[in-house]
Amino acid sequence: MVAAVEVRGLHKSFGALTVLQGVDLCIGEKEVVSVIGPSGSGKSTLARCICCLEEIQQGEILLHGERVDGGRLRNKAMAHLVGMIFQQFNLWPHLTTLENVCLAPVRVLGLAPEAAQERGAALLERVGLGNKLGARPAQLSGGQQQRVAIARALAMEPRIMLFDEPTSALDPELVGEVLEVMTDLAASGMTMLIITHEMLFAREVSHRVIFMADGNIVEEGTPEALFLNPRMPRTKSFLHRMSAHFGTALVAEEGGRR
Amino acid sequence: MTLDFSVLVPYGHMFVQGLLVTVKASLFGLSMGVVIGVLVGALRVVPILPLRALAATYIYVIRGTPLLIQLFLIYFGLPSLGINLPAFVAGIIGIGINSGGYVGEIVRGGIEGVPKGHWEAARVLGLSYGQTMRCIILPQAVRNMLPAFGNEFVTLIKESSLLSTLAITELTMVGQQVRSVTYASFETFLLVGGIYLLLTSVAGGALQLLEKRWQVR
């Protein structure tokens, strides 16, 4: 079977700063993969490269067997393959939530406005915002805005969804509602790559977790393996720092096993 | 000294005429300036270097030279190339071209004021550059631009007084004509200044109203 996402030898630098140094990554269809790691490790850049928001210096990116890097694919084909959720939501403030969701289906897919609105309303209903169709982004909480952004991305019916720290800009009490939507999406069989600092969520929802540092994939494995039994010292120290921060024992105590 | 505005009363119709010409010239000039400005401003951010450079040069030259000289070039200069324009047409073209440079810079600022994330979201959703510009960036940019745009409109109304140098009988020219027959210089130009102030207040107020209505956040 062709992988949903295949990244080979990806190098990305911004001027003199090398951000990704030869990343290889393979994500199967319907697989949910979380990427964790310290800031500056290149996680976000990896996601941005996969959806072609960044030009890459070296390597190949294939989505469902199609080479996409270097702008090989037209906008529409690309939007059908991959959707992206941003940390800052990036909703368009001058449009209502429904208009935000419907714009691309109408303009890019050529859907009739009525059909797009039907699709948009159904998606907003699905993310729990069926009563906010006419609201402007500024009238919504961060959590609601991010859910609109998810509905907007889903409206293009992408085969892969990328999440670039979707809850990092949210107040703590709003994180849950977004993660809930993402959990439902994962359960529905969507292929997902999630860049996140939500360790517990990553552990629960992912089939596989990747730890990145300094532009490399340091370690990857099942959530159990990576969180409970990390092999690499860098992974261990990162997870220990994170569990100290969250006050939860993500990682088994030194020597102890569950 | 005493001010006696009554000597101006017989010339009231001339002031009204002059006011109308000033308003007409300002509106036409602004319309042309907006068309040129949106074009130049959009070119200023387009990802094609020669076009960007062209727009930048236009703005550089227009903003770096006096409107009066630009008007003289169009009205007195162009005839030597065989292009003879009526004074009013030359005046509007001059104001339009001039204002286009300033509006272009305002448009550029408005476009660049839209967060980069809005472009990125549009791009990932498959929208083309043109679609993104039209549906997402410009509608927001217009709101960003309104305050600066209001200033430009007010400036333009005031600068239209330079059209008197092309012998166009707009408000300032009327003032000079009335002064030369009544010798009531102070009264005449106080009145003319007052009318300009009224005009700029109305224009500024109208744009502020628009600004309030279009506010999103």
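Computed from heavy atoms alone, side chains included, the values below leave out hydrogens, waters and symmetry copies. Numbers restart at 1 for each chain; the letters A, B, ... are given by sequence-line order, proteins then strands.
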Quick one: what part of [X] sits under 4.5 Å from any heavy atom of chain B, side chain, backbone, both or neither?
{"X": "M156(A)", "answer": "side chain"}
{"X": "R74(A)", "answer": "neither"}
{"X": "L91(A)", "answer": "backbone"}

Within the structure provided, determine whether R123(B) and M84(A) are in side-chain contact (heavy-atom separation under 4.5 Å). no
Contact between L127(B) and V108(A) at the side-chain level, heavy atoms closer than 4.5 Å - yes or no? yes
Rounded to the nearest 0.5 Å, how far does [atom2] of [Y] lie from [atom1] of [X]?
{"X": "Q140(B)", "Y": "L95(A)", "atom1": "CD", "atom2": "CG", "answer": "8.0 Å"}
{"X": "L125(B)", "Y": "K76(A)", "atom1": "CG", "atom2": "NZ", "answer": "14.5 Å"}
{"X": "I136(B)", "Y": "L103(A)", "atom1": "CD1", "atom2": "CG", "answer": "5.0 Å"}

If you count every heavy atom of other residues, nucleotides or ligands that lies below 6.0 Å from [X] atom [atom1], does the total exceed 12?
{"X": "E173(A)", "atom1": "CD", "value": "yes"}
{"X": "Y60(B)", "atom1": "OH", "value": "no"}
{"X": "R67(A)", "atom1": "CZ", "value": "yes"}
{"X": "R107(A)", "atom1": "CZ", "value": "no"}
{"X": "E118(A)", "atom1": "CD", "value": "no"}

E120(B), part contacting chain A, at a heavy-atom distance under 4.5 Å: both
Closest heavy-atom contact between H94(A) and C135(B)? NE2-O, 2.9 Å
Taking N90(A) for the side chain and G117(B) for the main chain, is one N or O donor matched with an acceptor at less than 3.5 Å? yes
